[in-house]
Amino acid sequence: MAEKEQLTDHIVSVLVNNHPGVLSKVTSLITRRGFNIDGISAGNTKQSDMFRLTIVVKGDDRSIEQIQKQLYKIIDVVKVWIITPESKLDREIGLIKIKIPQSLRNEILQMINVFKASIIDAGPEGFIVEITGTSEKIDSFLSLFEHHQIVEVARSGIVAMNRWEKK
Amino acid sequence: MNGARIVVESLKKEGVDTLFCYTGGAVISIFDELHKHGEGITMIQPRHEQGGTHAADGYARSTGKPGVVLVTSGPGATNTITGIATAYMDSTPLVVITGQVSTDKIGTDAFQESDVTGITLPITKANFLVKDVNDLALTIKRAFFLATTGRPGPVVIDIPGDVQKQECKFTYPDDPGLTSYRPKESGHPKQIKSTAKMLSKAKKPLILAGGGVNLSQANDELNSFLNKYNIPVATTLMGHGINPEDVRLFCGFVGMHGTLYANYAIQNADLIIAIGVRFSDRITGDASVFAKNAKLIHVDIDPAEIGKNIPVDLPIVGPAKSVLKELNGADIKGDYSAWIEEIDDYRKKNPLVYEKTGTLKPQYLVELASKIFPEDTIVATDVGQNQMWVGQYYRFRYPKTFLTSGGLGTMGFGLPAAIGAAVGNPDRQVLMFSGDGGFQMNMQELNTIRKYNLKVKMIVMDNSYLGMVRQWQELLFEKRYAGTDMGDNPDFIKLAEVFGIRAVRLEKPEDAERVLKELAECETSMLVHAAIDPNENVLPMVPAGKPLDKVITKF
Ligand SMILES: Cc1ncc(C[n+]2csc(CCOP(=O)(O)OP(=O)(O)O)c2C)c(N)n1
Ligand SMILES: [Mg+2]
């Protein structure tokens, strides 16, 4: 094979039958074919017997097409979308437990407002903040804090779809 | 009806006449139902589940019907793994039924529990754990449907003991009800037209036919295609038998140990129509310069094969048979006679050769056997040098007559595969070639030959080495033969005789013809222990990862 192409993040959305083991079939196939999974999320769709996985994988463009074809070989895979950068609409949700001294609370509240995040729990030592947006937005929100201020982070992983086609 | 009986009745509905099976605690009830109600199903009991699975594979490859295996849970199931992986790589239709511990014990590390659907996930086309007897018949229907349609492959059904005992009404469904599984039934008409156009423009077209043509039973269509338009054809190792190999248009098989003229044809063609091949590294050598002067049309039933290893100019997704049928009706104007002459000339100057030194040469043995045995003989090989010599020197004439582990390269495949072929084709000759190493990997199956009175003709090519690896050591490791010496081999003659099989030792080339004739004419099984030249190498050879035209012809 020629030089490895540049590896980039790709988002693949997979509609699957809700049968036992299907999640492990999908993830093990992706790993087996030599790709890294950087993130994954799963949830129901409008059909109760199916769910939709959103998976972030690293790979070159040719290999992402390979993944799509390989995924179709799993009998329980119904549809595979490659979410292209141009038409990508993606969101992630993050819950962040932050330690904040009383003296800084006002300043932090402002930042939370700017990011359209919300406080969903508060205690004497700090807040739990819920933030929704692109992964980059959550990254930059997190970067506002010192390492020791962040007690816990739970992120949902991306959910994504392609936009309506523009006529 | 209980679950165990449902298994038996479902197998009958699928028309299964042969079952390769080995019992144990988790399938005892299915065996019992087979005993009571299994009329029409011949049970073949191997001496090891690996042997049984390869035998089912050989049965499937030689008959075109799915091979069916039944084994117990835990070690019974894990013993089938090599067989399943072998079948998966070569797309053989198998249905493997494994017993499992009862549903309430699953996940508790119960006695003889193993996660069979987990273990077989990457080596099956699909697998199922049946937790409810009401799903059993439908699951079996699906398993057979999946194993035999589209790109064939092995399917595993894991059936817990309690499900085998549960009762339900038996109806066998007509429809597998797999909405998300729809293999293509024909190629796109536009692509067919484009192919005709490209062929009309080409000066040096070549067909590269692989195992998929065998699987799709497209031999007649392929032969009419190349004869009608006068296009030369090369095959992959797995493509042997697709067409008569003693005709002018045939240029041998391509790849690491392919003929010089086949590899030459690949590298000098201006258009390649690859049908049912997967461009493995053993075929392409350095993939970046493979067929560097050619446009590539790739026909395959599996869209994931197209563009996987080699970029393609024109993809056609569909079964080889229907695509070729359509191509046969296409309007193609091309005159390739100069190209055929060019290949002829190259072939004349670069034939397959081996030195005749007075020792017993394996190539000579294969050539002789190819002449002596009937044209429709089914040939099974093991893996290693013996396999490549058969690939090079045996002239196949009929589809499904060459059984070899191409993708996985499984030593120990040859003997049980030949047994499966003999079971499925009692009226035909079955000839096995094996190395001394590989033969010993499943030699317990000699007993299966005796037990069922099968007729298998065996040639053990004994070079007292794991020869193929020794060859690499000679070439790349300055002849340090670490781990390849087999000087401590047992006496193969006595070994065969222990199992009641006649055996003859062959040492001198001048005896070869007489001994092979005896082998061919013998009315029972027979083994020839051939003491071949231990230093013989498989040539030509394209070292791994090198371009197909960087060939070694001498050591
Ligand atoms: C199960 C298995 N183990 C190891 C190998 C690696 N291997 C490939 S060819 C070969 C040598 C085979 O020796 P033998 O059966 O004597 O055949 P020969 O090459 O001498 O004809 C080996 C060890 C393999 N292919 N399969
Ligand atoms: Mg050997």
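Atom CG of residue A/Asp76 and atom CG of residue B/Leu178 lie 8.5 Å apart, to the nearest 0.5 angstrom. Within the model, atoms CD1 of A/Ile75 and CZ of B/Arg142 stand 10.0 Å from one another, a figure rounded to the nearest 0.5 Å. Residue B/Leu121 holds its CG atom at 6.5 Å from NZ of A/Lys25, rounded to the nearest 0.5 Å.
Summarising the local packing, CG of B/Asp104 is surrounded by more than 12 heavy atoms from other residues, nucleotides or ligands at distances under 6.0 Å. Heavy atoms from other residues, nucleotides or ligands lying under 6.0 Å from NZ of A/Lys137 number more than 12. For NZ of A/Lys99, the number of neighbouring non-hydrogen atoms (other residues, nucleotides, ligands) closer than 6.0 Å is 12 at most. Within 6.0 Å of atom CD in A/Glu136, more than 12 heavy atoms from other residues, nucleotides or ligands are found, so the atom counts as buried in its surroundings. At most 12 non-hydrogen atoms from other residues, nucleotides or ligands lie less than 6.0 angstrom from CE of A/Met161. With a 6.0 Å radius and a threshold of 12 heavy atoms from other residues, nucleotides or ligands, A/Gln47 has its CD atom above the threshold.
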- Does the side-chain contact (heavy atoms from CB on, under 4.5 Å) test come out yes or no for A/Lys73 and B/Lys125, once each step is laid out? CA-CA 8 Å; A/Lys73 291 174 70 166; B/Lys125 183 168 173 185; over 6 Å; no
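Taking the side chain as every heavy atom from C-beta outward, B/Ile306 and A/Lys69 approach each other to under 4.5 Å. A 4.5 Å side-chain heavy-atom check between A/Asn17 and B/Ser180 finds at least one atom pair inside the cut-off.
Minimum interatomic distance between B/Ala304 and A/Gln70 (heavy atoms only, all atoms of both residues): CB-NE2, 3.7 Å.
Within the structure, side chain to side chain donor-acceptor pair (under 3.5 Å) contacts touching residues 113-122 of chain A (residues at least two apart or in different chains) do not occur.
For A/Gln66, the part sitting under 4.5 Å from any heavy atom of chain B is the side chain, from C-beta outward, and nothing else. For B/Asp281, no part lies under 4.5 angstrom from a heavy atom of chain A.
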